[in-house]
Novice: 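A single structure is presented below for examination.
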Amino acid sequence: MSDGVIDLHAHTTHSDGSASPKELIAKASSKGARSIAITDHDTVDGFAEARAAADGFGIEFIPGIEISADFSPGTMHILGYLIDGESPALKEQLAMLKNAREKRNPEIARRLERLGFDINYEEVAQLAGNNVIGRPHFASVLVNKGYVRNIQEAFDRLLKKGAPAYVEKARLSPRDAIELIHGAGGVAVLAHPYQLKLSSYEAADELVAELAAFGLDGIEAIYSRHSPVQRSRYSEIALRHELLITGGSDYHGSYKPDIDLVTGLGDLEVPYALLEALKTRAIAGEMKPGEKGIESAGA
Ligand code: AMP
Ligand code: ZN
Ligand code: FE
Ligand code: FE
C-alpha cells in the first residue's frame with residue numbers, strides 16, 4: 001500500500017521548533033499523516049521520544065537531521081534521513097557543530113546589545129531550553145520585548161545573512177555534510193533549493209551535478225515555500241540526475257507561524273510513495289559500503 005500523505009521536514013523543541021517530539025507526532029496524526037520525519041538542526045535528541053510517541057499513535061517515525069553547509073550567495077541545508085542516531089562519527093561531528101553555535105551565539109547577542117537592544121544571551125538560552133540554540137530564538141526574544149512585530153521582521157532587519165546582527169558560524173562543506181550522513185547509514189537530500197539563491201535553474205542544475213558526484217541522493221523539490229513552478233523545475237533536475245524527490249513543510253510551530261505541519265501553506269501534499277523510494281535507496285546504499293566510506297562498512 002503506497003497511499004497516504006507524509007511530511008519529511010519538521011523541527012521540534014530540540015532545535016528551533018515550538019512543539020515537543022510528542023506534540024509533533026500527535027499533530028501529524030491528527031492531520032492524517034502516515035509518516036513524519038523529525039529533522040532538527042544539528043541534533044538527534046528528539047528521536048527516542050518521537051519513536052515512543054509514534055508507536056502510540058500508530059504513525060511511522062523517520063529519523064532525520066538538517067545540517068547547514070558552507071555556501072554562498074544563499075543558504076545550503078542538507079537533510080539526512082534514516083540515519084543511525086547512535087553513530088559515533090555522527091555524534092562527534094554534531095558536538096563540533098554545537099560548539100560552533102556556542103561560539104557564534106553569544107556574538108549575536110553582543111551585536112544586538114551594541115545596536116542598542118536590551119538583550120542578553122542568558123535570556124535567549126533560557127527560552128531555547130537545554131537545546132540547540134538558533135537565530136529563531138533570538139528573533140523570538142526580540143518579539144517578546146516589543147522590538148519587532150514578528151519573527152520575520154527580526155530576520156529581515158537584524159538576523160538574516162548580511163543583516164547587522166548576523167554572525168557567521170563554522171559549517172561543514174557540502175561534501176562533508178553528505179559524507180557524514182552516509183557514514184551514519186542515511187540518505188542525503190538537498191533541502192529547499194530556492195534558498196540557495198541561485199540566478200537560474202541552469203545554475204541549480206550545475207550545482208546539483210557537483211553534489212551528485214559527492215553522493216547526494218535527493219532534492220526536496222516539494223517544499224512549502226516553493227511555488228508550483230519551482231516544485232516542477234526542481235523535480236525535473238532531480239530526475240535528470242537520477243536523484244530522489246522528497247517533500248516537507250519545514251514546520252517550526254510558532255517560530256514560522258504561517259507554515260503548518262503536513263499541509264505547509266495549505267497546498268502541500270507529499271505522497272507516501274516518495275518515502276518508499278527513499279527507503280529503497282537507503283537499502284541500496286547499505287549494499288554498496290565501498291561508496292559510503294570505510295566507517296559504515298566496518299563497525
Ligand atoms: P541558525 O541555524 O541558528 O543559523 O538558524 C537558521 C534557522 O533560522 C533556519 O532554519 C530558519 O528556521 C531560520 N531562518 C533563517 N533565515 C531566515 C529568514 N530569512 N527568515 C526567517 N527565518 C529564517
Ligand atoms: Zn530552523
Ligand atoms: Fe533549512
Ligand atoms: Fe528546516
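Whatever order the structure lists ligands and atoms in, that order sets their numbers, starting from 1.
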Novice: Got an N, O or S from His9 under 2.8 Å of the Fe ion (ligand 4)?
Specialist: yes
Novice: So Leu112 and Phe138, do their side chains get closer than 4.5 Å, heavy atoms only?
Specialist: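 SC-SC contact between Phe138 and Leu112 confirmed.
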Novice: Taking distance alone, with N or O pairs closer than 3.5 Å, would you say His41 contacts ligand 1?
Specialist: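 So ligand 1 has an N or O lying under 3.5 Å from an N or O of His41.
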Novice: Do Glu66 and His77 meet the criterion of a side-chain donor-acceptor pair at a distance under 3.5 Å?
Specialist: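 The answer is yes; a qualifying pair exists.
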Novice: I need the nearest protein heavy-atom contact for atom 7 (C) of ligand 1: residue, atom name and distance, please.
Specialist: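 Of the protein heavy atoms, Asp16 OD2, 3.6 Å lies nearest.
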Novice: Suppose I only count heavy atoms of Lys169 and a 4.0 Å limit; which atoms of ligand 1 are within that range?
Specialist: 2 (O), 4 (O)
Novice: For Arg104, state whether at least one heavy atom is located under 4.0 Å from any atom of ligand 1.
Specialist: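 Checking ligand 1 against Arg104, which is what was asked, there is a heavy-atom contact under 4.0 Å.
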Novice: Consider ligand 1: state whether an atom of it lies below 4.0 angstrom from any non-hydrogen atom of His137.
Specialist: no
Novice: Thinking salt bridges, do Asp7 and Lys27 make one under a 4.0 Å N-O criterion?
Specialist: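 Answer for the salt bridge query: no.
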Novice: Salt bridge or not for Asp42 and Lys98, using N-O below 4.0 Å?
Specialist: no
Novice: Below 4.0 angstrom from a heavy atom of Gly134, which ligand 1 atoms are there? Numbered from 1 as shown, please.
Specialist: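 Near Gly134, meaning under 4.0 Å from one of its heavy atoms, ligand 1 has 3 (O).
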Novice: At under 4.0 Å between heavy atoms, which part of Arg101 makes contact with ligand 1: side chain, backbone, both or neither?
Specialist: side chain
Novice: If I consider every N, O or S atom in His77, which one ends up closest to the Fe ion (ligand 3)? I only need its name.
Specialist: ND1
Novice: Check the orientation of His192 and Tyr223. Use parallel for under 30°, tilted for 30 to 60°, and perpendicular for over 60°.
Specialist: perpendicular
Novice: Does Glu66 put an N, O or S atom under 2.8 Å from the Fe ion (ligand 3)?
Specialist: yes
Novice: Tell me the contacting part of Lys161 for ligand 1: side chain, backbone, both, or neither, using a 4.0 Å heavy-atom threshold, strictly below.
Specialist: neither
Novice: Has ligand 1 got any nitrogen or oxygen that is less than 3.5 angstrom from a nitrogen or oxygen of Asp156?
Specialist: no
Novice: Quick test: of every protein heavy atom, which one is nearest to atom 12 (O) of ligand 1, and how far off is it to 0.1 Å?
Specialist: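 Nearest neighbour among protein heavy atoms for atom 12 (O) of ligand 1, to 0.1 Å: His252 NE2, 3.1 Å.
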Novice: When you check the side-chain N and O atoms of Asn105 and His137, is any donor under 3.5 Å from an acceptor?
Specialist: no
Novice: Contact between ligand 1 and Glu66 is defined here as a heavy atom of the residue under 4.0 Å from a ligand atom; is it met?
Specialist: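 Glu66: no contact with ligand 1 (<4.0 Å).
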Novice: Please determine whether His11 has a backbone or side-chain N, O or S atom lying under 2.8 Å from the Fe ion (ligand 4).
Specialist: yes
Novice: Could you pull out, from Arg135, Lys256, Gln152, the option with a heavy atom nearest to atom 11 (C) of ligand 1?
Specialist: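 Among Arg135, Lys256, Gln152, the closest heavy atom to atom 11 (C) of ligand 1 belongs to Lys256.
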Novice: Looking only at side chains, do Asp40 and His14 share a donor and an acceptor under 3.5 Å apart?
Specialist: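 There is no such pair (donor and acceptor under 3.5 Å, judged by atom type) between the side chains of Asp40 and His14.
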Novice: Are His11 and Tyr251 close enough that some pair of their side-chain heavy atoms sits under 4.5 Å apart?
Specialist: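 Contact flag for His11/Tyr251 side chains = no.
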Novice: At a 4.0 Å cut-off, with the gap strictly under it, does some heavy atom of Ser68 reach an atom of ligand 1?
Specialist: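 The answer is no: ligand 1 sits nowhere under 4.0 Å from a heavy atom of Ser68.
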Novice: Is there a donor-acceptor contact under 3.5 Å from the side chain of Lys169 to the main chain of Lys103?
Specialist: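 A pair under 3.5 Å: no.
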Novice: So, are Arg111 and Glu107 salt-bridged, with charged N and O less than 4.0 Å apart?
Specialist: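 Result for this pair is yes, salt bridge flagged.
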Novice: Counting backbone and side-chain atoms alike, is an N, O or S atom of His192 positioned under 2.8 Å from the Fe ion (ligand 3)?
Specialist: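 It does: His192 brings an N, O or S atom closer than 2.8 Å to the Fe ion (ligand 3).
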Novice: Can you tell whether the side chains of Glu86 and Lys91 come within less than 4.0 Å, N to carboxylate O?
Specialist: yes
Novice: Centre of Tyr201's six-membered ring, under 6.0 Å away, within 45 degrees of the axis: is that where NZ or CZ of Arg233 sits?
Specialist: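 Yes, Arg233 sits over the ring of Tyr201.
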Novice: Would you indicate which of Phe138, Tyr166, Phe155 comes nearest to atom 14 (N) of ligand 1 when only heavy atoms are counted?
Specialist: Phe155
Novice: Name whichever N, O or S atom of Asp250 ends up nearest to the Fe ion (ligand 4).
Specialist: OD1
